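Notes for the one structure printed next.
What you are looking at is a predicted structure, and each value in this text was computed from that prediction instead of being measured. Because only heavy atoms are used, hydrogens play no part in the values below, and waters and symmetry mates are left out as well, while side chains stay in.
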Amino acid sequence: MEKLDVFNCSNVFIASFFTDDRGCAHCNREHTLIYILSGKLEITDCGRKTLLHPGDCAFMRRENRMWLQKRASKNKPYRSIVIKFSRNFLKEFYQTINQRDIPSDSKREKVSLMKFPPNRPDVRTLFESLVPYFDEDRQPDEDMLRMKMNEGLRIILETDVNLYASLFDFVDPWKIDIVDFMENNYMNELSMEEMAYFTGRSLATFKRDFKKVSELTPQKWLIRRRLEAARDLIIKGSQKVSEICYDVGFKNLSHFSKLYKEMYGIAPTLFKV
């Protein structure tokens with residue numbers, strides 16, 4: 001049995017419920033907090049495994065790919081709540097911060113997963129206050145959602161000052177420009193030189209700056225993003241695989257099929273909902 005509940009604001013609350021074990025590849029498009037209510041979650045990130053038990057909370061940085069193994073216990077299902085932070089929400093939050101309160105020595109780390117110290121009352125109080133909304137299938141109002149989002153951000157910032165640099169990387173405009181440009185143009189046939197030019201950089205600067213927002217090279221990022229878009233379209237089932245291949249930016253169907261199988265373990269033509 002699987003259940004997924006979602007509440008939308010300028011961001012998203014997601015509650016997952018599984019009565020059996022589930023594994024999946026996961027790519028964060030947004031900075032994320034995850035809290036385990038019951039069961040266990042094993043996260044594999046760059047070969048490193050992190051195990052989250054009930055009451056554990058972790059921060060997952062955006063633009064990173066991980067493998068999530070959700071495990072139900074003998075007497076309880078796997079249950080978690082996720083809070084995602086959109087760029088727009090983070091920009092609005094940043095405007096409310098007193099600039100003198102921002103640590104001057106905050107540095108963005110390449111670590112894509114951070115498990116919080118255990119037994120934190122502030123973390124437990126935040127997430128357990130959300131459980132009744134999902135249990136009762138009751139939509140909280142926008143003000144309540146925003147208040148909970150703010151509370152989640154405060155928890156992140158109080159955990160590690162270096163997370164200021166990760167959360168608010170749009171303070172240096174070029175950082176957010178690269179992400180936006182790639183998202184809006186991943187299906188287009190652009191050379192590395194063109195991507196650098198359109199984002200106002202030299203080729204060397206573009207490569208250097210891109211490393212600050214992704215652990216992948218620009219070419220690998222584009223391939224992964226195209227494959228993810230292709231999978232979404234295949235699941236919808238309204239187009240032929242050959243059409244999807246070209247729509248997302250690939251120029252060769254056999255090459256697309258090979259890459260798709262390498263990433264998802266199945267040929268795109270064999271996918272079934």
Side-chain angles (χ1 to χ4, degrees), residues 2 4 6 8 10-12 14 16 22-32 45-46 60-68 82 84-91 112 169-170 173-201 203 206-207 209-273:
E2 172 186 352
L4 192 66
V6 179
N8 287 301
S10 57
N11 22 63
V12 182
I14 301 175
S16 294
R22 293 293 178 93
C24 63
H26 177 72
C27 180
N28 286 322
R29 289 281 161 231
E30 298 169 329
H31 294 306
T32 300
D45 169 45
C46 298
M60 297 187 287
R61 190 163 59 86
R62 73 177 172 220
E63 299 303 333
N64 284 282
R65 185 173 181 79
M66 306 171 185
W67 179 263
L68 306 184
V82 168
K84 293 179 176 288
F85 301 93
S86 69
R87 290 186 180 93
N88 287 337
F89 182 85
L90 291 171
K91 286 180 179 179
S112 52
D169 57 7
F170 49 79
W174 57 263
K175 295 172 184 172
I176 193 68
D177 287 347
I178 281 185
V179 175
D180 283 349
F181 178 82
M182 299 290 278
E183 278 290 338
N184 292 328
N185 293 278
Y186 67 84
M187 74 296 293
N188 297 326
E189 188 65 27
L190 296 174
S191 66
M192 189 78 70
E193 288 78 8
E194 288 173 320
M195 287 188 282
Y197 174 79
F198 288 127
T199 57
R201 298 163 173 78
L203 182 58
F206 177 83
K207 290 179 179 179
D209 289 354
F210 196 84
K211 287 182 179 180
K212 298 176 182 178
V213 296
S214 177
E215 295 180 352
L216 300 175
T217 64
Q219 295 96 328
K220 289 183 177 179
W221 189 98
L222 284 172
I223 290 173
R224 186 192 68 185
R225 185 68 184 90
R226 288 171 178 173
L227 289 171
E228 290 171 347
R231 185 174 185 272
D232 290 341
L233 292 172
I234 289 172
I235 290 174
K236 289 180 179 178
S238 58
Q239 290 179 269
K240 296 180 179 178
V241 170
S242 58
E243 295 174 341
I244 292 172
C245 165
Y246 299 112
D247 284 349
V248 300
F250 288 100
K251 302 302 179 184
N252 183 286
L253 182 57
S254 61
H255 181 58
F256 162 70
S257 297
K258 177 183 177 182
L259 293 174
Y260 190 96
K261 187 173 183 179
E262 288 176 356
M263 182 165 175
Y264 293 113
I266 186 173
T269 52
L270 297 179
F271 182 87
K272 293 182 180 180
V273 179

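- Evaluation of the side-chain hydrogen bond (donor to acceptor under 3.5 Å, both in side chains) rule for N184 yields no partner, not counting sequence neighbours.
- A search for salt bridge (charged side-chain N to carboxylate O under 4.0 Å, His left out) contacts involving R225 returns E183, not counting sequence neighbours.
- Put simply, the side chain of R62 reaches to within 4.5 Å of the side chain of R87, judged on heavy atoms.
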Return all side-chain donor-acceptor pairs below 3.5 angstrom for residues 189-196, not counting sequence neighbours, or 'none' if the list is empty.
| unit_1 | atom_1 | unit_2 | atom_2 | d |
| --- | --- | --- | --- | --- |
| S191 | OG | E194 | N | 3.1 |
| S191 | OG | E194 | OE1 | 3.4 |
| E194 | OE1 | S191 | N | 2.8 |

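- Y264 is linked by a ring-ring contact (aromatic ring centres under 6.0 Å, His included) to Y260, counting only residues two or more places apart in sequence or in another chain.
- Legend: residues meeting side-chain contact (heavy atoms from CB on, under 4.5 Å) with Q239, ordered by chain and number and at least two apart, are L233, E243, I244, D247.
- The aromatic rings of W221 and F210 lie perpendicular to each other, with more than 60° between the two planes, well past the 30° mark.
- Side-chain contact between R61 and H31: present, with at least one pair of heavy atoms (C-beta onward) separated by less than 4.5 Å.
- A 4.5 Å side-chain heavy-atom check between E228 and R224 finds at least one atom pair inside the cut-off.
- The main-chain N or O of E30 is found under 3.5 Å from a side-chain atom of T32 such that the two form a donor-acceptor pair.
- Contacts of S257 classified as side-chain contact (heavy atoms from CB on, under 4.5 Å), with partners at least two apart in sequence or in another chain: L253, P268.
- Here I223 contributes atom CD1 and H255 contributes atom NE2; the two are 5.5 Å apart, rounded to the nearest 0.5 Å.
- Side chains of R201 and D209 form a contact here, defined as non-hydrogen atoms less than 4.5 Å apart.
- Remark: S112 OG to M60 CE distance equals 10.0 Å, nearest 0.5 Å.
- Checked against ring-ring contact (aromatic ring centres under 6.0 Å, His included), Y186 has no partners two or more places apart in sequence or in another chain.
- Among residues two or more places apart in sequence or in another chain, the side-chain contact (heavy atoms from CB on, under 4.5 Å) test is passed with M187 by none.
- Residues satisfying the side-chain contact (heavy atoms from CB on, under 4.5 Å) criterion with K220, sequence neighbours excluded, are L216, T217.
- For the pair F250/L259, a side-chain contact is recorded, criterion being any heavy-atom separation below 4.5 Å from C-beta on.
- A search for side-chain hydrogen bond (donor to acceptor under 3.5 Å, both in side chains) contacts involving S254 returns N252, not counting sequence neighbours.
- How far NZ of K236 is from CG of D232: 7.0 Å, rounded to the nearest 0.5 Å.
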